[in-house]
2 protein chains.
Amino acid sequence: MRGMLSFYILWLLSNRSMNGQELCKELARRRGSKPSAGTIYPALRSLRENGLVNMERQGRATIYSISEKGRDELERACKYFCSVFGEILQDHIKSTHK
Amino acid sequence: MRGMLSFYILWLLSNRSMNGQELCKELARRRGSKPSAGTIYPALRSLRENGLVNMERQGRATIYSISEKGRDELERACKYFCSVFGEILQDHIKSTHK
DNA sequence: ATAAATATATTGGGCATACGATATTAAACC
DNA sequence: GGTTTAATATCGTATGCCCAATATATTTAT
């Protein structure tokens with residue numbers, strides 16, 4: 001069950017490339033709480049070290065983008081995630097439709 | 001993003017009460033990998049200490065069941081989980097239907 | 001009664017997630 | 001040019017997840 005943050009970051013980056021602060025805002029919007037710098041940057045670093053994201057400095061910002069390897073990994077992770085958690089979502093949708 | 005295992009355990013126990021080994025088997029079936037003792041029992045202990053599950057000794061087994069407080073907490077957690085991860089599942093379902 | 005099997009539980013170590021504090025760099029402003 | 005601001009990054013610390021190893025208690029088998 002570990003690696004959910006990295007998984008989520010990878011998914012966000014698959015929609016569009018972003019810098020760290022934009023990523024924080026996206027996470028804040030979706031999760032309700034904004035991750036701090038000490039959460040996000042080590043995660044990005046680890047993703048980069050594993051070759052799943054690329055980074056490119058642009059002025060004072062660093063644009064992170066998903067790599068080919070990252071897309072492959074994301075697809076595998078999505079498949080796994082959905083097989084494990086899909087039922088919980090189905091249940092919840094059903095129960096809220098009554 | 002932490003607490004996914006406890007969340008999952010709570011959800012499993014909301015379907016039916018189980019002992020630790022049955023829980024391990026359910027997790028193995030759904031996740032693909034069987035959690036070891038050092039994973040499952042500390043999680044159950046913490047859930048119990050927070051009043052989310054009850055435990056009852058039956059011979060050599062300990063039956064764990066969800067409490068009222070646990071059901072309330074699970075409902076909140078499900079709502080949150082689905083709002084955060086729902087889109088990933090929707091995306092995946094769409095992309096696999098083509 | 002003894003041995004084997006089942007189930008629970010803890011310990012120690014490693015990695016992931018999380019925060020707040022601090023430092024560094026680059027752009028923007030005056 | 002010097003100050004402020006924005007963005008990146010690291011550090012220390014705490015907690016959750018994860019395994020392998022170990023220990024304990026209870027049931028089952030011989």
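Every chain is numbered from 1, with letters handed out A, B, ... down the list of sequences. The model shown is predicted, which means the values in this text are computed figures rather than measured ones.
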Q: Classify the side chain of Arg60(A) and the base of dT5(D) as holding, or not holding, a donor-acceptor pair under 3.5 Å.
A: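 Result: at least one qualifying N/O pair found.
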Q: Answer with base, sugar-phosphate or nothing: what part of the nucleic acid does Ser46(B) contact at a heavy-atom distance below 4.0 Å?
A: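 Contact class for Ser46(B): none.
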Q: Base, sugar-phosphate, or nothing: which does Ser36(B) touch, judged by heavy atoms less than 4.0 Å apart?
A: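 Touches a base.
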Q: Give the nucleotide from the list dT17(C), dA7(C), dA16(C) with an atom nearest to the side chain of Arg2(A).
A: dA16(C)
Q: Could you check whether atom CD of Glu49(B) has more than 12 heavy atoms from other residues, nucleotides or ligands sitting under 6.0 Å from it?
A: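 Enclosed: over 12 neighbouring heavy atoms sit under 6.0 Å from CD of Glu49(B).
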Q: OP1, OP2 of dA9(C) versus side-chain N and O of Tyr64(B): anything below 4.0 Å?
A: yes
Q: Have a look at Phe81(A) and tell me which of Trp11(A), Phe7(A), Tyr8(A) forms a ring pair (Phe, Tyr, Trp, His ring centres under 6.0 Å) with it.
A: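 Exactly one candidate clears the test, Phe7(A).
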Q: Between P on dT11(C) and CZ on Arg45(B), what's the gap in Å once rounded to a whole number?
A: 8 Å
Q: Indicate whether OP1 or OP2 belonging to dG16(D) is found under 4.0 Å from a side-chain N or O atom of Ser6(B).
A: no
Q: At less than 4.0 Å, is any side-chain N or O atom of Gln21(A) found next to OP1 or OP2 of dT8(D)? Yes or no.
A: yes
Q: So that I can tick it off, tell me whether Glu22(B) and Lys25(B) are bridged by a salt bridge, with the cut-off set at under 4.0 angstrom between side-chain N and carboxylate O.
A: no
Q: Atom CG of Leu44(B) to atom P of dT8(C): distance rounded to whole Å?
A: 9 Å
Q: Between atom CD in Gln58(A) and atom C1' in dA26(C), what is the gap in whole Å?
A: 13 Å
Q: Nearest nucleotide by nearest heavy atom, which residue falls closer to the 5' end of DNA chain D, Thr39(A) or Arg57(A)?
A: Arg57(A)
Q: Mind checking Ala37(B) for me? I need base, sugar-phosphate or nothing, with any heavy atom below 4.0 Å counting as a touch.
A: base
Q: In whole Å, I'd like the distance from the CD1 atom of Ile40(A) to the P atom of dA16(C).
A: 15 Å
Q: Can you work out whether Met4(B) or Gly38(A) has the more 5'-proximal nearest nucleotide on DNA chain D?
A: Gly38(A)
Q: In whole Å, I'd like the distance from the CD atom of Glu56(A) to the P atom of dA26(C).
A: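 Interatomic distance, CD of Glu56(A) to P of dA26(C): 15 Å.
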Q: Is it true that atom CZ of Arg30(A) has more than 12 heavy atoms of other residues, nucleotides or ligands lying nearer than 6.0 Å?
A: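 Yes, enclosed.
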Q: Mind running side chain to side chain contact (heavy atoms under 4.5 Å, CB included) on Glu56(A) and Gln58(A) for me, showing each step along the way?
A: CA-CA 6 Å; Glu56(A) 182 194 354; Gln58(A) 276 193 7; 4.0 Å; yes
Q: How many Å lie between OH on Tyr41(B) and C1' on dT8(C), as a whole number?
A: 5 Å
Q: I want to confirm an ordering. Mapping Met55(B) and Gly3(A) to their closest nucleotides on DNA chain C, which one lands closer to the 5' end?
A: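 Checking each residue's closest nucleotide, the 5'-ward one belongs to Met55(B).
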Q: Select base, sugar-phosphate, or nothing to describe what Phe7(A) touches, counting heavy atoms under 4.0 Å on all strands.
A: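 The answer is nothing, as Phe7(A) stays clear of every strand by at least 4.0 Å.
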Q: Take atom CZ of Arg48(B) and atom C1' of dT8(C), then tell me their distance rounded to the nearest Å.
A: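 Rounded to the whole Å, the gap is 14 Å.
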Q: Just the rounded figure in Å: distance from P of dA6(D) to CE of Met18(A).
A: 20 Å
